[in-house]
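To keep things clear, I will list the structure first and then write my remarks on it.
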Amino acid sequence: MGRVLYAELTPRQFQERLAAAPIAYLPLGTLEWHGEHLPLGSDGLQSQGFFIELARKAGGIVLPMLFMGTDFRQEKDGREYYGMDIHSFPNGPPQQLVGSAYWVEPDFFEQLLERIMGQLKRAGFKVVVAHGHGPSVQAFVGKTQDWQSTFGLKTFICWRGDESDGLGIQTDHAAANETSLVMALRGDLVEMDNLDPDPNVAPLGIDGEDPRTHASAERGRKAIVMNVERMANLLRDAIAELDEPGT
Ligand SMILES: [Zn+2]
């Protein structure tokens with residue numbers, strides 16, 4: 001099906017892909033501590049990797065990954081802490097985790113998304129799928145009505161609502177789900193040996209099922225195949241509705 005990354009398309013290739021399926025995919029990344037074993041760009045790498053496979057199946061064009069995102073934040077003694085800096089230390093003072101550099105104000109993030117949506121409408125897209133870093137996905141989904149009424153854009157995220165089977169797309173933080181997805185998409189970047197082999201020592205800055213015992217490339221692949229299939233069906237219906245006269 002050819003190239004799917006926006007930045008790599010010539011105008012003619014862009015036009016052809018847009019005419020076939022006016023879908024834009026926006027990977028909501030971060031540069032964020034994802035355990036000792038995963039790369040700092042895990043959120044964008046997972047969502048972009050998933051979107052590349054989805055675009056090959058459903059059509060559409062994959063945007064570059066964002067690395068600024070939003071999160072819960074606090075200041076203490078003049079230092080800034082956010083997300084896993086706070087969440088990882090429920091009983092102690094927060095700590096700045098190594099490599100995290102992504103936080104922007106929720107209002108600023110919404111404005112950024114709004115500008116992006118405006119540009120996507122201008123370029124001719126009708127459907128936008130965004131996914132990645134949890135709080136950024138929440139911010140995006142909170143504006144669904146606005147994207148529809150202001151820009152006429154139909155939007156999707158990739159969570160199903162019930163993720164209890166552990167086979168969703170980015171449903172934990174650097175735990176079994178995210179680790180399995182990075183293993184499946186970019187196994188060359190995963191360093192499981194960096195984690196303490198002692199099961200009684202909880203890995204730092206991880207939220208969810210233990211990746212040392214529950215993560216595998218097979219599990220990641222299964223989640224990707226299942227969700228590509230599911231999202232491709234949703235997008236096919238969305239495109240069909242666009243084509244109906246009078247809508
Ligand atoms: Zn993540």
Side-chain angles (χ1 to χ4, degrees), residues 27-48 50 65-110 112-113 130-142 157-183 189-192 194-215 219-220 223:
L28 302 172
T30 49
L31 294 173
E32 181 188 11
W33 172 282
H34 269 77
E36 300 276 5
H37 63 307
L38 292 181
L40 295 161
S42 284
D43 281 341
L45 291 167
Q46 289 169 84
S47 45
Q48 192 180 54
F50 175 72
M65 57 177 91
L66 297 186
F67 78 88
M68 306 309 286
T70 194
D71 221 319
F72 177 71
R73 175 186 184 268
Q74 61 181 226
E75 253 180 63
K76 222 176 163 209
D77 304 324
R79 280 166 79 83
E80 173 188 59
Y81 303 95
Y82 48 75
M84 296 308 291
D85 294 345
I86 300 159
H87 195 66
S88 309
F89 308 98
N91 307 314
Q95 288 180 36
Q96 290 184 344
L97 291 168
V98 173
S100 289
Y102 65 91
W103 190 86
V104 292
E105 295 274 358
D107 284 357
F108 179 90
F109 189 68
E110 276 183 15
L112 178 65
L113 289 176
H131 202 68
H133 175 64
S136 299
V137 179
Q138 304 281 10
F140 179 85
V141 89
I157 58 168
C158 299
W159 289 323
R160 292 165 293 167
D162 176 11
E163 310 291 349
S164 54
D165 61 1
L167 294 174
I169 299 297
Q170 297 179 252
T171 58
D172 60 21
H173 183 80
N177 176 261
E178 285 204 312
T179 301
S180 298
L181 291 167
V182 182
M183 282 173 159
L189 302 179
V190 181
E191 308 269 357
M192 291 305 283
N194 291 354
L195 296 174
D196 196 315
D198 181 350
N200 298 311
V201 179
L204 176 63
I206 287 177
D207 190 13
E209 255 185 317
D210 196 327
R212 294 169 297 184
T213 46
H214 289 80
R219 177 171 165 176

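Leu38 and Ala174 make their closest contact through CD1-CA, 3.9 Å (heavy atoms, listed as atom of the first residue, atom of the second, distance). Between Gly44 and Pro27, the shortest heavy-atom distance links the atoms O-CB, 4.2 Å. Of all non-hydrogen atoms in Asn177 and Thr171, the two that sit nearest each other are OD1-N, 2.9 Å. Across every non-hydrogen atom of Ile169 and His131, the tightest pair is O-NE2, 2.8 Å. Between Trp159 and Gln170, the shortest heavy-atom distance links the atoms NE1-O, 3.0 Å. Closest non-hydrogen pair, Leu40 versus His34, comes out as O-ND1, 4.3 Å.
Remark: Glu105 CD to Leu112 CG distance equals 13.0 Å, nearest 0.5 Å. To the nearest 0.5 Å, the span separating OH on Tyr81 from CZ on Arg73 amounts to 11.5 Å. Taking CD of Gln46 as the reference point, atom CD of Glu178 lies at 4.0 Å (rounded to 0.5 Å). Note that the CG atom of Asp43 and the NE2 atom of His173 stand 7.0 Å from one another [nearest 0.5 Å].
The pair Lys76-Asp85 fails the salt-bridge criterion, with no side-chain N (NZ, NE, NH1 or NH2) lying under 4.0 Å from an Asp/Glu carboxylate O.
In terms of the side chain to side chain contact (heavy atoms under 4.5 Å, CB included) criterion, Asp77 has no residue partners (sequence neighbours excluded). Listed by chain and number, the residues in a side chain to side chain contact (heavy atoms under 4.5 Å, CB included) with Pro106 are Thr70, Trp103 (sequence neighbours excluded). Remark: Tyr102 pairs with Tyr82, His133 by the ring-ring contact (aromatic ring centres under 6.0 Å, His included) rule, at least two apart or across chains. Residues satisfying the side chain to side chain contact (heavy atoms under 4.5 Å, CB included) criterion with Met68, sequence neighbours excluded, are Val104.
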Enumerate donor-acceptor pairs with a distance under 3.5 Å from any side-chain N or O in residues 90-101 to protein atoms, sequence neighbours excluded.
residue	atom	partner	partner atom	Å
Gln96	OE1	Arg79	NH2	3.1
Gln96	NE2	Glu80	O	2.9
Ser100	OG	Trp33	N	3.0

*For Leu28 and Val137, what are the C-alpha separation, side-chain angles and deciding distance, and is it a side chain to side chain contact (heavy atoms under 4.5 Å, CB included)?*
CA-CA 7 Å; Leu28 302 172; Val137 179; 4.0 Å; yes
*May I have the step-by-step check of side chain to side chain contact (heavy atoms under 4.5 Å, CB included) for Leu181 and Phe50, ending in yes or no?*
CA-CA 9 Å; Leu181 291 167; Phe50 175 72; over 6 Å; no
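At distances below 3.5 Å, not a single donor-acceptor pair connects side-chain atoms of Thr179 with backbone N or O atoms of Ala176.
Here side-chain hydrogen bond (donor to acceptor under 3.5 Å, both in side chains) pairs that include residues 201-212, with residues two or more places apart or in two chains, are His87-Asp207, Glu209-Arg219, Asp210-Arg212.
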